[in-house]
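Predicted model only: the values in this text are computed from it and were never measured. Counting starts at 1 for both ligands and their atoms, following the listed order. Quick note: residue numbers are just sequence positions, from 1.
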Amino acid sequence: MKKTETSERSGQSLSFFNGWKYAPAPESKDHISLKKQYGLFINGEFVPPSSKKYFDTINPATEEKIAEIAEADEKDVDLAVNAASKAYNNVWKKTPPKERAKYIYRIARMIQERARELAVIETLDGGKPIRESRDIDVPLAANHFFYYAGWADKLNYAFPNRNPQPLGVAGQIIPWNFPLLMAAWKIAPALATGNTVVLKPAESTSLTALKLAEIIAESGLPDGVVNIVTGFGKTGAAIVNHPKVNKVAFTGSTDVGKLIQKAIAGTSKKLTLELGGKAANIVFDDAPIDQAVEGIINGIFFNQGHVCCAGSRLLVQEGVADIVIRKLKDRMETLIVGDPMDKNTDIGAINSKEQLLKIQEYIKIGVNDGADLYQSSCELPNKGFFCKPTLFLNTSQSHRVVQEEIFGPVLAVQTFRTVEEAIEKANNIPYGLSAGIWTDKGSKIFNLTTKMRAGVVWANTYNKFDPTSPFGGYKESGFGREGGLHGLLPYVSL
Ligand code: ADP
């Protein structure tokens, strides 16, 4: 440990140390098995793509190739949708709900059994710290299957006197920030309500969805009930446009969400969209400051800021702004950025080169617009896609770094004086997915939650997820809810 810097706090001089070095604690890769090449999971088996085309999936922390992934074209999507449609009509809609539940429970248990393998693959393919894959992504994915398994034979209690019926084939398209968890969010409620599925993972993170396909095959789920096709936007569009798809569930960017909404306008397809966000963490002067700082750090630097509900804006009340910002900077200095497979790492790799370039572009935009840039002094690895934890201070509401979703470890800081100003600023953006409130006063929390145009409002905590809680947005963050009883609704007709 070496003394490296001195900082001033409230007139006091306080030494702190940023020379702490943890011994490397890399998670082992020995227990995972990956194929060199993955086909498409259609009708219960892996098949080659009709185009014979494959693309590489790489480890964003090392830029090394991990495996080749099949690129599905319209013909493959047609096969997958037809398999799902046949399985729906011939098997799944006739399967008694309590039998459906057994399959879903089995998938949940198999995810738990293979948790370590799934966590390692998630981290290798996506760049997120192993601690998060291990403690958040994989357990929550299993929990979603457990939770919705419980609903399968209780739909009449979820919708009393309504006779809920499945819709048919659900086309589900997911992004790269929580690959396995998003697959669980989509597949579990669809199966519980009696629908069959064609799911497409994001092109940069297909591996855990394909591992889930292996689990699904082993679970004995009837062939064709879940199909997983890999590929790029064109593959996604083929799913959206297929006439036998009855419901589309999409999580991803607002731009693609708008394209999908246009594409299915005028059809009878049901749609849910979970899109971007630009959440405000609002810190009042009566907040527990240290706890708030931890929450802000978790809100924006968790998963490299690759979280649609990330707390990417900080609104801090003027009286405590200096101390909050100072503590925030101190805490940022201690964050370990680097090898995602190391159990000490706080901030792993940015998911792809394109995403890193996008974040770097926003950092330039912030500086050019006149905001003050602050980055931690950590060193970044020579290889791979990494970004330092970043703050923008002295921002104004019109700055692009305040208004637009960056999807990286970049926090825009603003101050406010009154509750009204905080609400005004928090709501004055195109998005409305989430928000955080930090205060000692319950009355303030209740007052604000009713006025925030945000689907999720956390109070004195941030980024907490649970399968029983509905999640979804207002405004350009989309519509429909996933999770909880509300998450059943998009998959049934009443
Ligand atoms: P992100 O910015 O998070 O990568 P995208 O919206 O680009 O979000 O991607 C989310 C998912 O949508 C991915 O699986 C991607 O392949 C898919 N996708 C991209 N373009 C389209 C499209 N036009 N139609 C359907 N799906 C698409």
Side-chain angles (χ1 to χ4, degrees), residues 40-41 49 53 55-58 60 69-74 76-78 80-81 125-128 170-187 197-210 212 227-242 245 247-265 267 269 271-278 303-310 312 349-359 361-362 385 404-408 410 430-431 433 473 476-478 482:
L40 307 167
F41 185 66
K53 278 203 230 161
F55 60 93
D56 293 345
T57 191
I58 63 154
I69 308 291
E71 183 177 341
D73 63 13
E74 278 182 19
D76 300 305
V77 168
D78 188 50
V81 175
D125 202 22
K128 67 173 63 196
Q172 307 181 320
I173 299 164
I174 56 172
W176 42 259
N177 57 345
F178 292 90
L180 181 69
L181 182 58
M182 287 301 110
W185 277 29
K186 297 278 180 285
I187 295 174
V197 165
V198 176
L199 174 121
K200 190 192 90 65
E203 47 272 34
S204 60
T205 53
S206 306
L207 285 178
T208 45
L210 293 163
L212 183 61
N227 305 272
I228 296 183
V229 292
T230 43
F232 296 82
K234 261 173 88 175
T235 311
I239 297 174
V240 169
N241 293 322
H242 198 289
V245 166
K247 145 106 204 136
V248 175
F250 172 78
T251 299
S253 62
T254 295
D255 287 346
V256 173
K258 286 179 183 175
L259 286 178
I260 291 177
Q261 200 170 9
K262 276 186 202 147
I264 68 165
T267 72
K269 292 175 192 178
L271 177 64
T272 34
L273 296 176
E274 200 264 274
L275 309 174
K278 191 77 186 177
N303 198 18
Q304 298 72 248
H306 296 339
V307 187
C308 15
C309 54
S312 50
I350 301 299
N351 184 262
S352 65
K353 191 168 183 186
E354 296 76 59
Q355 188 56 28
L356 179 61
L357 291 173
K358 186 182 151 199
I359 297 166
E361 185 58 31
Y362 267 109
F385 315 129
E404 296 175 21
E405 184 180 47
I406 300 174
F407 226 62
V410 182
Y431 297 107
L433 195 54
E476 290 198 21
S477 292
E482 292 182 296

S204 to ligand 1, any heavy atom closer than 4.0 Å: no

Region of A263 engaging ligand 1 - heavy atom pairs below 4.0 Å: neither

Minimum-distance pair of heavy atoms, taken over all atoms of N241 and K269: C-NZ, 3.5 Å

Atom indices of ligand 1, in the order listed, that fall short of 4.0 Å to a heavy atom of K200: 13 (C), 14 (O), 15 (C), 16 (O)

Ligand 1 contact by F407, heavy-atom criterion under 4.0 angstrom: no

Per-atom contacts, ligand 1 versus F232 - under 4.0 Å to a heavy atom: 16 (O)

Shortest reach to atom 11 (C) of ligand 1 by a heavy atom, considering only T254, T235, V256, I174: I174

Option from E482, K186, K247 for which side chain to side chain contact (heavy atoms under 4.5 Å, CB included) with T272 holds: K247

Flag: protein heavy atom within less than 4.0 Å of atom 9 (O) of ligand 1: no

T208 side chain vs P179 backbone, donor-acceptor pair below 3.5 Å: no

side-chain hydrogen bond (donor to acceptor under 3.5 Å, both in side chains) against S477, all qualifying residues, sequence neighbours excluded: none

For atom 23 (N) of ligand 1, the protein heavy atom that lies nearest, with its residue and separation: L259 CD1, 4.0 Å

Close side-chain approach of F178 to V307, heavy-atom, < 4.5 Å: yes

Structural part of K234 in contact with ligand 1, heavy atom criterion under 4.0 angstrom: neither

Enumerated ligand 1 atoms positioned under 4.0 Å from heavy atoms of S253: 2 (O), 5 (P), 6 (O), 7 (O), 8 (O)

Heavy-atom closest contact (P201 atom, T230 atom, distance): CG-CG2, 3.8 Å

Expected output: side-chain T205 to main-chain G126 donor-acceptor under 3.5 Å: no

Atoms of ligand 1 close to P201 [distance to a heavy atom under 4.0 angstrom, numbered from 1]: 14 (O)

Side-chain (D73) to main-chain (T235) donor-acceptor, under 3.5 angstrom: no

Residue G236 vicinity, atoms of ligand 1 by number, heavy atom under 4.0 Å: 24 (N), 25 (C), 26 (N)

Those atoms of ligand 1 less than 4.0 Å from some heavy atom in E203: 13 (C), 15 (C), 16 (O)

Polar side chain donor-acceptor pair, E405 to Y431, under 3.5 angstrom: no

Any N/O pair W176/ligand 1 closer than 3.5 Å: yes

Crowding at NZ, K234 (>12 non-hydrogen neighbours, <6.0 Å): no

Closest protein heavy atom to atom 17 (C) of ligand 1, given as residue, atom name and distance to 0.1 Å: I173 CG2, 3.6 Å

With N177 via side-chain hydrogen bond (donor to acceptor under 3.5 Å, both in side chains) - residues at least two apart: none

Heavy atom of the protein closest to atom 19 (C) of ligand 1 (residue, atom name, distance): G233 CA, 3.5 Å

Closest protein heavy atom to atom 24 (N) of ligand 1, given as residue, atom name and distance to 0.1 Å: A237 N, 3.5 Å

